[in-house]
Trainee: 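Dropping the structure in here first, questions after.
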Amino acid sequence: VQWHTLSAAERAAALACRDPKARFTKQETTGIEWARWSWNPVMGCEHNCSYCYARDLALLGQAQGVLAYQVAFAPALQASRLRAPATTVVPADASDDMGWKNVFTCSMADRFGRWVPRAWIEAVLAEVRANPQWNFLFLTKFPLRYAEFEFPDNAWLGTTVDAQARIANAASSAPPWPGGSGRCAGSG
Ligand code: SF4
């Protein structure tokens with residue numbers, strides 16, 4: 001079902017569809033030491049990068065019949081996961097290793113892509129504000145859209161620079177953004 005075809009009531013119902021058992025996904029490898037958790041309340045992307053590992057995973061998941069990947073890599077809200085920041089417990093290891101407090105948010109999407117409905121982004125940011133015990137790391141290839149939102153201090157914003165042509169775009173969207181400290185989560 002396309003988001004833009006839903007009525008206001010249907011959209012509200014979709015956003016309220018929370019799973020109390022939702023949890024962050026723990027990174028089982030040490031490849032991303034700066035964030036030991038991932039959280040994907042929004043999935044899918046339309047940038048169509050040739051090197052995209054997330055798209056490969058989504059297509060594999062669809063082929064295996066995984067419910068979350070039934071639309072493969074088309075942009076989709078996974079509202080059932082919105083409770084995860086409140087239900088996942090910060091581990092004791094976080095006092096020595098900041099990575100255990102950091103959540104790579106929407107690692108299977110570009111959550112600030114032009115196509116992402118504002119309501120999806122606001123729903124995620126509401127959970128970020130409500131859960132200051134975590135740091136939420138965002139990366140996007142469209143950082144200009146950061147300027148449309150208010151961010152709390154536990155939202156760490158970054159942009160991905162994978163080509164010379166994106167440098168000017170990244171530089172023009174440099175912090176401070178309105179309403180937030182605009183800490184940079186990095187680029188790559
Ligand atoms: S921006 Fe990221 S998620 Fe989107 S296609 Fe490119 S690599 Fe994949």
Trainee: Do Phe24 and Arg36 pass the side-chain contact (heavy atoms from CB on, under 4.5 Å) test, and can you show the C-alpha distance, the side-chain angles, and the key distance before you say yes or no?
Mentor: CA-CA 10 Å; Phe24 292 148; Arg36 301 285 191 164; over 6 Å; no

Trainee: Establish, yes or no, whether a centroid distance under 6.0 Å links the rings of Trp3 and Trp120.
Mentor: yes

Trainee: Is Asn154 reaching over with its side chain to a backbone N or O of Val128, donor-acceptor style, under 3.5 angstrom?
Mentor: yes

Trainee: Are side-chain heavy atoms of Gln78 and Asn40 found at a separation under 4.5 Å?
Mentor: no

Trainee: State, to 0.1 Å, how close Trp37 and Gly99 come at their nearest heavy-atom pair, and which atoms those are.
Mentor: CD1-O, 4.2 Å

Trainee: Can Met43 and Tyr69 be said to form a side-chain contact (heavy atoms from CB on, under 4.5 Å), step by step?
Mentor: CA-CA 9 Å; Met43 293 170 63; Tyr69 296 117; 3.0 Å; yes

Trainee: Between Thr140 (side chain) and Thr159 (backbone), is there a donor-acceptor pair under 3.5 Å?
Mentor: no

Trainee: Does atom CZ (Arg114) have a neighbourhood of more than 12 heavy atoms from anything else shown, all under 6.0 Å?
Mentor: no

Trainee: Asp110 side chain to Cys45 main-chain N or O, any donor-acceptor pair under 3.5 Å?
Mentor: no

Trainee: Taking salt bridge (Lys or Arg N to Asp or Glu O under 4.0 Å) as the definition, give me every residue that meets it alongside Asp93, ordered by chain and number, with sequence neighbours left out.
Mentor: none

Trainee: Report yes or no: does Arg145 contribute a side-chain atom to a donor-acceptor pair with the main-chain N or O of Val116 at less than 3.5 Å?
Mentor: yes

Trainee: Can any side-chain N or O of Ser38 pair as donor or acceptor with the backbone N or O of Ser107 at less than 3.5 Å?
Mentor: no

Trainee: Give a yes or no on whether the backbone of Leu137 and the side-chain of Asn102 come within a donor-acceptor separation of less than 3.5 Å.
Mentor: no

Trainee: Tell me whether the NZ or CZ atom of Arg129 lies within the 45° cone about the ring axis of Phe136 and under 6.0 Å from its centre.
Mentor: no

Trainee: Please test Phe151 against Leu125 for side-chain contact (heavy atoms from CB on, under 4.5 Å), starting from the C-alpha separation and ending with a verdict.
Mentor: CA-CA 7 Å; Phe151 293 95; Leu125 287 178; 3.8 Å; yes

Trainee: Is Thr87 reaching over with its side chain to a backbone N or O of Ala22, donor-acceptor style, under 3.5 angstrom?
Mentor: yes

Trainee: Measure the spacing between CD1 of Ile121 and OH of Tyr146 and express it to the nearest 0.5 Å.
Mentor: 10.0 Å

Trainee: Atom CH2 in Trp39, atom CE in Met108: separation rounded to 0.5 Å?
Mentor: 16.0 Å

Trainee: Among residues two or more places apart or on two chains, list those pairs meeting salt bridge (Lys or Arg N to Asp or Glu O under 4.0 Å) that have a residue in residues 6-29.
Mentor: Arg18-Glu127

Trainee: So that I know where these two stand, are His47 and Trp115 an aromatic pair - ring centroids less than 6.0 Å apart?
Mentor: yes

Trainee: Hey, does Phe149 have a side-chain heavy atom less than 4.5 Å from the side chain of Glu122?
Mentor: yes

Trainee: Before you tell me yes or no, could you show the steps for Met98 and Asn135 under side-chain contact (heavy atoms from CB on, under 4.5 Å), namely the whole-Å CA-CA distance, both residues' side-chain angles and the distance that decides it to 0.1 Å?
Mentor: CA-CA 9 Å; Met98 177 69 87; Asn135 299 317; 3.6 Å; yes

